[in-house]
There are 4 protein chains.
Amino acid sequence: MKDAYKKSPGRPRSVSSQRAMLKATLELLAEVGFEKMSMDAIATRAGIGKTTIYRRYANKDELVADAIESVREEIRVPDTGNLWGDMDALIENATQITLTPLGKQAVAMIISSASSNAKFARVYWEKYLLPRKQAFASVIERAKVRQEVASDVDAGLVFDTMSGIMLYALIFPPEEAWTDYIRRSLSLVLRPMPK
Amino acid sequence: MKDAYKKSPGRPRSVSSQRAMLKATLELLAEVGFEKMSMDAIATRAGIGKTTIYRRYANKDELVADAIESVREEIRVPDTGNLWGDMDALIENATQITLTPLGKQAVAMIISSASSNAKFARVYWEKYLLPRKQAFASVIERAKVRQEVASDVDAGLVFDTMSGIMLYALIFPPEEAWTDYIRRSLSLVLRPMPK
Amino acid sequence: MKDAYKKSPGRPRSVSSQRAMLKATLELLAEVGFEKMSMDAIATRAGIGKTTIYRRYANKDELVADAIESVREEIRVPDTGNLWGDMDALIENATQITLTPLGKQAVAMIISSASSNAKFARVYWEKYLLPRKQAFASVIERAKVRQEVASDVDAGLVFDTMSGIMLYALIFPPEEAWTDYIRRSLSLVLRPMPK
Amino acid sequence: MKDAYKKSPGRPRSVSSQRAMLKATLELLAEVGFEKMSMDAIATRAGIGKTTIYRRYANKDELVADAIESVREEIRVPDTGNLWGDMDALIENATQITLTPLGKQAVAMIISSASSNAKFARVYWEKYLLPRKQAFASVIERAKVRQEVASDVDAGLVFDTMSGIMLYALIFPPEEAWTDYIRRSLSLVLRPMPK
DNA sequence: ACTTAATCGAGACGGTACGTCCTGTCTTTAA
DNA sequence: TTAAAGACAGGACGTACCGTCTCGATTAAGT
């Protein structure tokens, strides 16, 4: 998010402080959650002053939003040559990220403040959901070509359905294994090509 | 949760205070949300003392959990004689409740604190989701009998999937109308009986 | 329990409740002081209801005033046939009462609320100081007759002076023994008959 | 008591806030008394946050103790060249200070909590009584030299006696004028040099 | 090498809400 | 009726956190 060009005078902002504050934020978020995490605690753990945080972020929300945004892991479009092979890879990736303490807290926050504060939802959407939705579309498109799935399947709606069930499972954990549960739900939606 | 029998001495807890505090809580929850709603504001609006609240509830969480729990509207199992007629009734009911300001705040809270505070999720599950899940099961059972739907459809999973998509839609509102969106998603899952 | 005689339609426990509440009040007053003593604590220790206290006394002040008033020990005018013999007896009596924890708290309270609440001061004056002032006057009158003291000595002022020094000693304890200190102070005032 | 040397990091404590809170405390103390004066009211009147008070003082007692301590007016040893001229000056000074609303409240508090909380009494002693006791001693010493008073007069005891009578008069106001009363009492104690 | 100016850590600031405690009143059941 | 038990409105207490604001002390870039 750096400006393209920099030639401002004065002491430049410390990169190590920036790293430290994001790290501390993510750690505390995972440990105690958004509400119970105080700015003072973050500053103390990061070994920096609160001023240094507030110079960069207007408030707690923005700091946390950016901290979460900073955890971007690459999403690689799988290509196993087979619909369910690809799907399993995507499900695996999604669950692995979502089921960490940090993932849970992040999703919780995003949902919690969705109506009041669009910030979190936007970040989540742009950095997390959208790439996956696109990967999903590719995978299903290939499956259509291979005639593994009906050609009128709405990939977007299928993705939304999967996201929904994952959200739901996060709050009301299924009795069976997470991946099985999602896989089973998804198989409802992804009906095979009629013979 | 009342004890079966009561003959405890002393002045009984005021029913009107109880009602007033729950009403004020629900109103303020809908208006300003959980975080911005202060206990003093609740007490003032209810025309009672803060003590009276804290005598019943250990903290804000418990008060709000109970307030939400108190909003139990009867869920009536629809019977239009037709699968999609019944489904539409259920969807209509669910969306109407979920899309009110109160509904949104309630869901937000429930989700938000799901991992840290099981209280909200439990209440939501018991008082809201479970009755609907059962209604759902009945409706689908009847549809199976009428051979409107394949006999191996897992009603529970279908319900979870629908709940998930509703949750998702609450955070990332669909571009089309809510009920259409849910209906469309549901039609993916509830595939008709193969001819 | 205490249902040895069950023929009381009226108020059989009235007297014992009264005694219990005064006793509890005096105990707690001595232990923790006026401010830190709560009405609930008094009621609990007395094994009675708060209502029972408030039926008799309008507020804490009045209860405590009455409790202190209830501790009336007889003041006997000493007559040793000698001025300082009598004085020593009076000093001894005054210090013994004032130096108990209860005495200290009582005096503290009385002084503390003197400007705002005349109640305590009045009780203290009527029940404690006035009898002593009169005893004092008698003793000095006799001393005048015996020509142990100048005939123009103002007994009232001498008493006030002694009371004052006791008050002062209560707050700023003298280094020597209490009775010696007061005796010494008093000897300043009670000058002997000029030869 | 400031440390001799200061170079602690961070923003220094606001001197104006400090002054404002002491001023507000003294005003409210004089107006409504210790018990009826709330910390919020103090903060509001001083135009500061409650936090700022509690950062400096652990509780209301300590704040008030320091506020009273802060009112130190210089006591000037009078020198009229005559015993009673000097005494009158001292009496005048003492009564003027003690008879203000603030003075009365201060004395009330000091006495009230003398046994439980030594803080108030200590402050009163060090900042108020001790300087006067010393002034008293000087004045009487000079009177001895001038042979206005017996050389064996114990100045300390005379001072204590006068303080006592003032305390007493504060609680049980004399019928005559304050200064006359004190003066009369003092004349008993300070007997002239025998011819 | 010397300015210059924005940064840093530290921590105080005003404000708001929390949950506890206490007073004096009210309302019930039991006797 | 009176007692006991305890709920009630109101209000102060002292704590925690937020986002802002000073401090003296760095730290580079541009003279």
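Everything numeric here is computed off the predicted structure, so don't read it as measured data. Residue numbers start from 1 in every chain, and the chains themselves are labelled A, B, ... in the order their sequence lines are given, proteins ahead of strands.
Taking atom CG of A:Asp61 as the reference point, atom C1' of F:dC18 lies 12 Å away to the nearest angstrom. For D:Leu63 and F:dC13, the CG to C1' distance is 13 Å, given to the nearest whole Å.
Distances shown here put a side-chain N or O of B:Tyr54 below 4.0 Å from the OP1 or OP2 atom of E:dG19. Residue D:Ser14 places no side-chain N or O under 4.0 Å from the OP1 or OP2 atom of E:dA12. For E:dC18, the OP1/OP2 oxygens have a side-chain nitrogen or oxygen of B:Lys60 closer than 4.0 Å. Side-chain nitrogen and oxygen atoms of D:Arg56 include none within less than 4.0 Å of the OP1 or OP2 phosphate oxygen of E:dG11.
For D:Lys50, taking side-chain heavy atoms from C-beta onward, the closest of the listed nucleotides E:dG24, F:dA4, F:dC13 is F:dC13. Listed candidates were E:dT27, E:dC21, F:dC21. Nearest to the side chain of C:Thr51 is E:dT27.
Contact detail for B:Gly49 and B:Ala43: the closest heavy-atom pair is C-CB, 4.1 Å. Summarising the geometry of D:Ile48 relative to D:Ser17, their closest heavy-atom pair is CG2-OG, 3.8 Å, with the distance given to 0.1 Å. Summarising the geometry of D:Met39 relative to D:Asn59, their closest heavy-atom pair is CE-C, 4.4 Å, with the distance given to 0.1 Å. Residues B:Ala24 and B:Ile42 share a closest heavy-atom pair of CB-O, 3.7 Å. Here the closest heavy-atom approach between residue B:Val107 and residue B:Tyr124 is recorded as CG2-OH, 3.7 Å. Across all non-hydrogen atoms, the minimal contact from A:Leu22 to A:Ala67 is CD2-CA, 3.7 Å.
Looking at A:Gln18 and A:Arg13, their side chains never bring a donor and an acceptor atom within 3.5 Å of each other.
Sorted by residue number, the members of residues 30-45 of chain B with any non-hydrogen atom under 4.0 Å from DNA chain E read B:Met37, B:Ser38, B:Met39, B:Asp40. DNA chain F lies under 4.0 Å from at least one heavy atom of each of the following residues of residues 16-24 of chain B: B:Ser17.
Evaluation of the side-chain contact (heavy atoms from CB on, under 4.5 Å) rule for B:Thr100 yields B:Leu102 as partners, not counting sequence neighbours. Residues passing the ring pair (Phe, Tyr, Trp, His ring centres under 6.0 Å) test with C:Tyr54, sequence neighbours excluded: none.
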Name every donor-acceptor pair, under 3.5 Å, that has one atom in a side chain of residues 25-37 of chain B and the other anywhere in the protein, sequence neighbours excluded.
| from | atom 1 | to | atom 2 | distance (Å) |
| --- | --- | --- | --- | --- |
| B:Thr25 | OG1 | B:Met21 | O | 2.6 |
| B:Glu27 | OE1 | B:Arg45 | NH1 | 2.8 |
| B:Glu27 | OE2 | B:Lys23 | NZ | 2.8 |
| B:Glu31 | OE1 | B:Arg45 | NH2 | 3.1 |
| B:Glu31 | OE2 | B:Arg45 | NH1 | 3.1 |

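Nearer the 5' end of DNA chain F, as judged by each residue's closest nucleotide, is the contact made by B:Ile53, out of A:Tyr57 and B:Ile53. Comparing A:Asn59 and B:Gly47 against DNA chain F, the residue whose closest nucleotide sits nearer the 5' end is B:Gly47. Sequence order on DNA chain E of the closest nucleotides to D:Ala46 and A:Gly49 puts A:Gly49 first from the 5' end.
Remark: the backbone N or O of A:Val15 is not paired with any side-chain donor or acceptor of A:Arg19 at under 3.5 angstrom.
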Give each protein N/O atom lying under 3.5 Å from an N/O atom of nucleotides 1-6 of chain E, with the pair distance.
| from | atom 1 | to | atom 2 | distance (Å) |
| --- | --- | --- | --- | --- |
| E:dA6 | N3 | A:Arg11 | N | 3.4 |

